[in-house]
Amino acid sequence: MDFHAQQRKWQGAWDHAHVFEPTLGEAPKSGAAKDKFYLTAAFPYPNSPQHIGHARTYTTTDIYARYSRSMGKNVLFPMGFHVTGTPILAMAKRIEARDKELFDIFENIYGIPPSTTSTLTNPRDLVLYFSAEIEAGMKEMGYSIDWRRKFYTFDSIFNNFIQWQFGKLQAAGLITKGSHPVPWCPADKQPVGGHDTMGDVDPEMEEVVAVLFAAGMGFIPTITYRPETLPGVTNLWVNPNAHYVLAESTINKHKKKLYLTKESFELLSHQFALTKLKEVSADQLLALTATHPLTKHQIPILPASFVDPGTGTGLVMSVPAHAPFDWLALRDLNKLDVIRPIQVLDTPGFGSCPAGELCVKMGVKNQDDQRGEEATKQLYKLEAHEGKMKAAPYAGMNGIAAKEKIKEDLINAGSATLMHILANAPVYCRCGAKCVVKQVDNQWFIDYGNGAWKEKTREALAGMRILPSGLRQDYEYTIGWLRQKACTRASGLGTKFPFDETQMIEALSDSTIYMAFYAIAHIAKKMEKKSGADSINNEFFDYVFLGKKPADAKPSADWAAARAEFLYWYPLDSSHSAHDLVHNHLTYFIFNHTAIFEKRHWPKQTVSNGFVTMEGKKMSKSMGNILPLRKAIAQYGTDVIRFVVTSSAELEADSDFNQAAAEGVANRINTLESLLEKTTETKTSAVHASHASASARHPKRDRISRWFYSRLHARLRDAPAQYENFELRPLARALLYDTINDLQWYARRSPNDDAHSGNLREFFELWTLMAAPIMPHVAEEFWERLGKKKFVDDASLVVSARFPKADEKQIDFRLEMGEAYLQNVMEDIRHICALIKKDKPESITLIVHADWKKKVRALVAEHKNIRAVMDAAKTDSELAKLQPQVAALAGKLIKNIGAITGETLEAKEEMEVLTDSIGFLSTEFSGAKIEVLHEKEAPSALSAKTANALPGKPSIIIA
RNA sequence: GCAGGGGUAGCAAAGCUUGGUCAAAUGCGCUAGCUUGAGGGGCUAGUGUCUUAGGACUUCGUGGGUUCAAAUCCCUCCCCCUGCACCA
């Protein structure tokens, strides 16, 4: 099958018919207005071509869109491009600098020649290049997108829309201003994110406590993760090789003089206002003593090599009883007898000096020994949970509780302050500078901490359908912990912040209600062409989205049209993305909808899918295992990719793309195709009878044909719920794998398969419609070969055809049980043949159980107890006469009671299945003579064997 | 640390809500036979251990418990993954 030729053919046909460009209230030919269905998928960020992973979300969305269309809905699936933020700028810069790594990635992974890459130094060109590439890929994937509504988030009309949104937020009191810390590059004077750093390291910011010890002319600040151990401080540590300064600072509104290393002075000056007063040598510091902030005792300052001058303040407090490094350093100095460790926490299994005890036990040599880290980790974890504070006022608290309490007390007393450090320091900016934490002033926030807003958002969530359903609690948790979210940055593409135009609205804040913009985008674009972007203004948006009529004028035709579009399409019926967006974008999306729109326009559903792995491994640039989508399309064909990325895992799990799976799918499609060819060649008159009933169209309604159609219609019956619930994996597997297995069994059971080819026409018609949302191109091709039969909705394209309804009358569960029974019997025969090493039996005698046995079986299943079974048997006239046999059988059945809870066929049905299949069984077992008998007519010579006959399990005698 | 998810046969992955038809679907891999000029592909059977009559025995991270019966319910412990923000 030439997948690529088909793709072009059918994509062209859809395009020509404009089937993906819905109009308002479009009515089908039957007359009744269609229900609308509006769904979106997270729009892409075009700084690279898309890869196979992106295809998962879009394909899932498209399947849903196509399914909904086939259920008779008027479907809108739009797409745009998100270009907001700094990564595109950063990338353009790297291209300008001819960054080798980037050129290599583009060339080796995406096949973009350096001569092309080098032209993308302008961010706008870069956006246009990659968005064109992505759009082409989406079209090749056959996504049923209405491209008339496409926009970019740097378009003026979209900027106006976002400014309008922020105006609304501001008016509702949801925009605040303040300062907050960010990872920062001091050279670029920019916040840094993961994409700005060497090796794409995400800078991890961490809040720590700095305890202030009065000493000399000021204070020695020491950073600690364990403020609860403060009562156990015996001394402070200074690195004897570091250089120190005395600096003046304002901490918690009080001027204080602080001792710091030169390095930390540089780092911290971005976080606090610091003025250097003078340089101080390590020796000068070592000569001082410090005052313990709790006990007010004088404690010594000692030298230690493990103190890193570049971390924190470059000064460290010493708790030898609980911190292995402190204890080791004291031992290295031979001071353990002078400076006695002070126990703060009592932990089971340890004495008065846990750190020392653990170091001895683990054999840690000295402060430069790596294993000190491990000892620290172990002890910290243990004491946090199991340690109990000894001294008042914290006595009895465990480590975790005490930590919070002491931290609070110290800060209130002015003996400590909070600061931020980079936990994974050192992190380097691409420019080479070492990143720091910067306290940014004049920062604008969206206040997701607002209580009333949270409540409204919870209300909206409660009214939504969340798929997979387990994510609901993730949403609830996220709504709970969200606080103020910084919504502006100094640079980036996108929209200017309306209340400070030197700032740009940041990327996650300008993409919360863009779904509303799609509804009117095509109209807004037209208006812009006519009267300029300024005509798309606040009054326009107020009218279109909120229905507020302009004071002085009547709404123009364009305004009315836009308002109608919005009212028709909103609310959004389904929002699709990968599940990583739940904790940010999707939650903001709900928040902002409740803030801006009327309740009737709040969103109805989110669907979040997992990622795609490549041959079992996570895709990454560094691994070089990224499969670009268009390359994959060229290699495997669209429908194969659509099938694999959606069917190889449940919705929430990661699906895997691998060559074997893709080839397996292609092979199966080809198998069906060749069968279809055979089917359409066979033109029986019954097939052509125009509105023939199902039975007339299938003259050979023998057991196996009826079985096959029973299976098919059962699948068809289940399919709608599977589409609705995104159970695409079982659905897709049923369509291709199970169906082909059924076809094989059908063929094998049919003595003359040509006679059955005509019977497969109904199968192909139903299968094609059922599979169309997942494999639309294959479906169209099949549809055409079936003669574009006017089967369901007078549709010459599958894409416009209605989803078929299952014919419940054709579903026969007992028929399916019969085939399963036959397969079990065959398995048993094979097993026995193998055991007795007879691969060509001459005769096989099958003896079906006597009817009374089924009664006994039912009694055993009911009573589960031999005495009760016998009591019940006595009341049955037939069983009463057979008491010894009944007792023997019941005893046998009860041993394996678990195996008899299921339903089995009646003896009569078993007889039918087997006698119907004598010819088949003979063929299967190399021409053996097959005899089928009922137990009561079996010759007495076989009585020893006939006793074995049970419901569901005939006695088998092989000779 | 907090929150969420997960550990099933060589691999991937269903089953767990509602305990029994579960030695556990399905796909891949592997073995054998058939088909094909070969390869590919296709078809059939097998793929925990033992077994010359359809059986028995041991398995679903660990250790307990409930039950006539546990992959499935309850508890303990171990291990893995993801998110915790200003970044798209």
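So you know, we letter chains A, B, ... as the sequences are listed, proteins then strands, and number each from 1.
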Inset, instruction - Mind checking Gln473(A) for me? I need base, sugar-phosphate or nothing, with any heavy atom below 4.0 Å counting as a touch. - result: sugar-phosphate
Legend entry - Short side-chain N/O contact from Asn824(A) to OP1 or OP2 of G54(B), under 4.0 Å: no
Legend entry - No-H, no-angle donor-acceptor pair, Asn584(A) side chain to A88(B) base, under 3.5 Å: yes
Inset, instruction - Look at all strands and tell whether Lys838(A) reaches a base, only sugar-phosphate, or nothing, counting heavy atoms closer than 4.0 Å. - result: nothing
Inset, instruction - State the pairing partner of U52(B); accept Watson-Crick or G-U wobble contacts with both distances under 3.5 Å, and report none otherwise. - result: none
Legend entry - Nearest to side-chain heavy atoms of Val182(A), which nucleotide of C87(B), G4(B), G55(B): C87(B)
Inset, instruction - May I have the distance from Asp580(A) (atom CG) to C84(B) (atom P), rounded to whole angstrom? - result: 10 Å
Inset, instruction - Searching all strands shown, indicate the nucleotide that pairs with U17(B) (Watson-Crick or G-U wobble; both distances under 3.5 Å). - result: none
Legend entry - Spacing of Glu727(A) atom CD relative to A25(B) atom P, expressed in whole Å: 21 Å
Inset, instruction - Determine the interplanar angle of the Tyr152(A) and Phe81(A) rings, folded into 0 to 90°, and report it as parallel if under 30°, tilted if 30 to 60°, perpendicular if over 60°. - result: parallel
Legend entry - Nucleotide of A45(B), G54(B), C87(B) approaching Pro183(A) most closely (side-chain heavy atoms): C87(B)
Inset, instruction - Classify the nucleic acid contact of Ala660(A) as base, sugar-phosphate or nothing, counting any heavy atom under 4.0 Å across all strands shown. - result: nothing
Legend entry - Side chain of Met205(A) - closest among A85(B), C86(B), G27(B): C86(B)
Inset, instruction - Mind checking Lys837(A) for me? I need base, sugar-phosphate or nothing, with any heavy atom below 4.0 Å counting as a touch. - result: nothing
Legend entry - Candidate nucleotides C84(B), U44(B), G54(B), ranked by approach to the side chain of Ser955(A) - the nearest: G54(B)
Legend entry - Counter-base of G39(B), judged by Watson-Crick or G-U geometry with both distances under 3.5 Å: none
Legend entry - 5′-ward residue of the pair His831(A)/Gly470(A) relative to RNA chain B: Gly470(A)
Inset, instruction - Please say whether more than 12 non-hydrogen atoms of neighbouring residues, nucleotides or ligands are located less than 6.0 Å from NZ in Lys621(A). - result: no
Inset, instruction - Hey, which sits more toward the 5' end of RNA chain B by its nearest nucleotide, Met826(A) or Val192(A)? - result: Met826(A)
Inset, instruction - May I ask you to say what Thr86(A) touches in the nucleic acid, namely base, sugar-phosphate or nothing, with a heavy-atom cut-off under 4.0 Å? - result: sugar-phosphate
Inset, instruction - Look at all strands and tell whether Ile894(A) reaches a base, only sugar-phosphate, or nothing, counting heavy atoms closer than 4.0 Å. - result: nothing
Legend entry - Candidate nucleotides G54(B), U44(B), A88(B), ranked by approach to the side chain of Ile956(A) - the nearest: G54(B)
Inset, instruction - Quick one: look up who G4(B) pairs with, Watson-Crick or G-U, both distances under 3.5 Å, and put none if it's unpaired. - result: C81(B)
Inset, instruction - Looking at every strand, decide which applies to Pro191(A) at a 4.0 Å heavy-atom threshold: base, sugar-phosphate, or nothing. - result: sugar-phosphate
Legend entry - For G46(B), the Watson-Crick or wobble counterpart (both distances under 3.5 Å): C30(B)
Inset, instruction - Report the base-pairing partner of A9(B) (Watson-Crick or G-U wobble, both distances below 3.5 angstrom), or none. - result: none
Legend entry - Sugar-phosphate, base or nothing in reach of Pro954(A), heavy atoms under 4.0 Å: base
Inset, instruction - Check every atom of C28(B), C68(B), A88(B) against the side chain of Arg668(A) and return the nucleotide holding the closest atom. - result: C28(B)
Inset, instruction - In whole angstrom, give me the gap between the C1' atoms of G7(B) and U51(B). - result: 34 Å
Legend entry - Short side-chain donor-acceptor distance under 3.5 Å, Gln443(A) and Thr488(A): yes
Inset, instruction - Mind checking Thr84(A) for me? I need base, sugar-phosphate or nothing, with any heavy atom below 4.0 Å counting as a touch. - result: sugar-phosphate
Inset, instruction - For Ile900(A), report the nucleic acid contact type (base, sugar-phosphate, nothing); a contact means any heavy atom under 4.0 Å. - result: nothing
Inset, instruction - Assign Ile957(A) to base, sugar-phosphate, or nothing according to its heavy-atom contacts below 4.0 angstrom with the strands shown. - result: base
Inset, instruction - With C1' as the reference atom in both, quote the distance from C81(B) to G61(B) in angstrom, rounded to an integer. - result: 15 Å
Legend entry - Side-chain heavy atoms of Phe591(A) within contact of Thr512(A), under 4.5 Å: no
Legend entry - Lys93(A) atom NZ: more than 12 heavy-atom contacts under 6.0 Å: no
Legend entry - Of the listed nucleotides A85(B), U44(B), A88(B), the one nearest the side chain of Arg489(A): A88(B)
Legend entry - Between P of C86(B) and CH2 of Trp184(A), the distance in whole Å: 14 Å
Inset, instruction - When you get a sec, tell me which of A88(B), A14(B), G46(B) is the closest nucleotide to the side chain of Arg729(A)? - result: A14(B)
Inset, instruction - Select one nucleotide: of U51(B), C86(B), G27(B), the one nearest the side-chain heavy atoms of Leu835(A). - result: U51(B)
Inset, instruction - Look at all strands and tell whether Glu650(A) reaches a base, only sugar-phosphate, or nothing, counting heavy atoms closer than 4.0 Å. - result: sugar-phosphate
Inset, instruction - Report the distance from atom NE2 of His585(A) to atom P of A88(B), rounded to the nearest whole Å. - result: 14 Å
Inset, instruction - May I ask which nucleotide in the shown strands pairs with C86(B), Watson-Crick or G-U wobble, both distances under 3.5 Å? - result: none
Legend entry - Check: C86(B) base within 3.5 Å donor-acceptor of Lys485(A) side chain: yes
Legend entry - Asp510(A) CG - C86(B) P separation (whole Å): 17 Å
Inset, instruction - State whether a side-chain donor-acceptor pair under 3.5 Å links Asp510(A) with Thr84(A). - result: yes
Inset, instruction - Nearest whole angstrom, please: distance from the C1' of G4(B) to the CD1 of Ile466(A). - result: 15 Å
Inset, instruction - Look at all strands and tell whether Tyr821(A) reaches a base, only sugar-phosphate, or nothing, counting heavy atoms closer than 4.0 Å. - result: nothing
Inset, instruction - Take the protein atom CD of Glu924(A) and the nucleotide atom C1' of U44(B), then report the distance between them rounded to whole Å. - result: 9 Å
Inset, instruction - Check the angle between the aromatic planes of His54(A) and His51(A) and answer parallel, tilted or perpendicular using the 30° and 60° thresholds. - result: tilted
Inset, instruction - Write down the distance separating the P atoms in G42(B) and G27(B), rounded off to the nearest Å. - result: 12 Å
Legend entry - Any-strand Watson-Crick or G-U partner of U59(B), both distances under 3.5 Å: none
Inset, instruction - Scan Asn948(A) against the nucleic acid and name what it touches under 4.0 Å (heavy atoms): base, sugar-phosphate only, or nothing. - result: base
Legend entry - Pair Arg489(A) + Glu506(A): basic N to acidic O under 4.0 Å: no
Inset, instruction - Using whole Å, report how far OH of Tyr737(A) lies from P of A13(B). - result: 15 Å
Inset, instruction - Assign the ring pair Phe43(A) / His82(A) to parallel, tilted or perpendicular, where the plane angle (0 to 90°) is split at 30° and 60°. - result: parallel
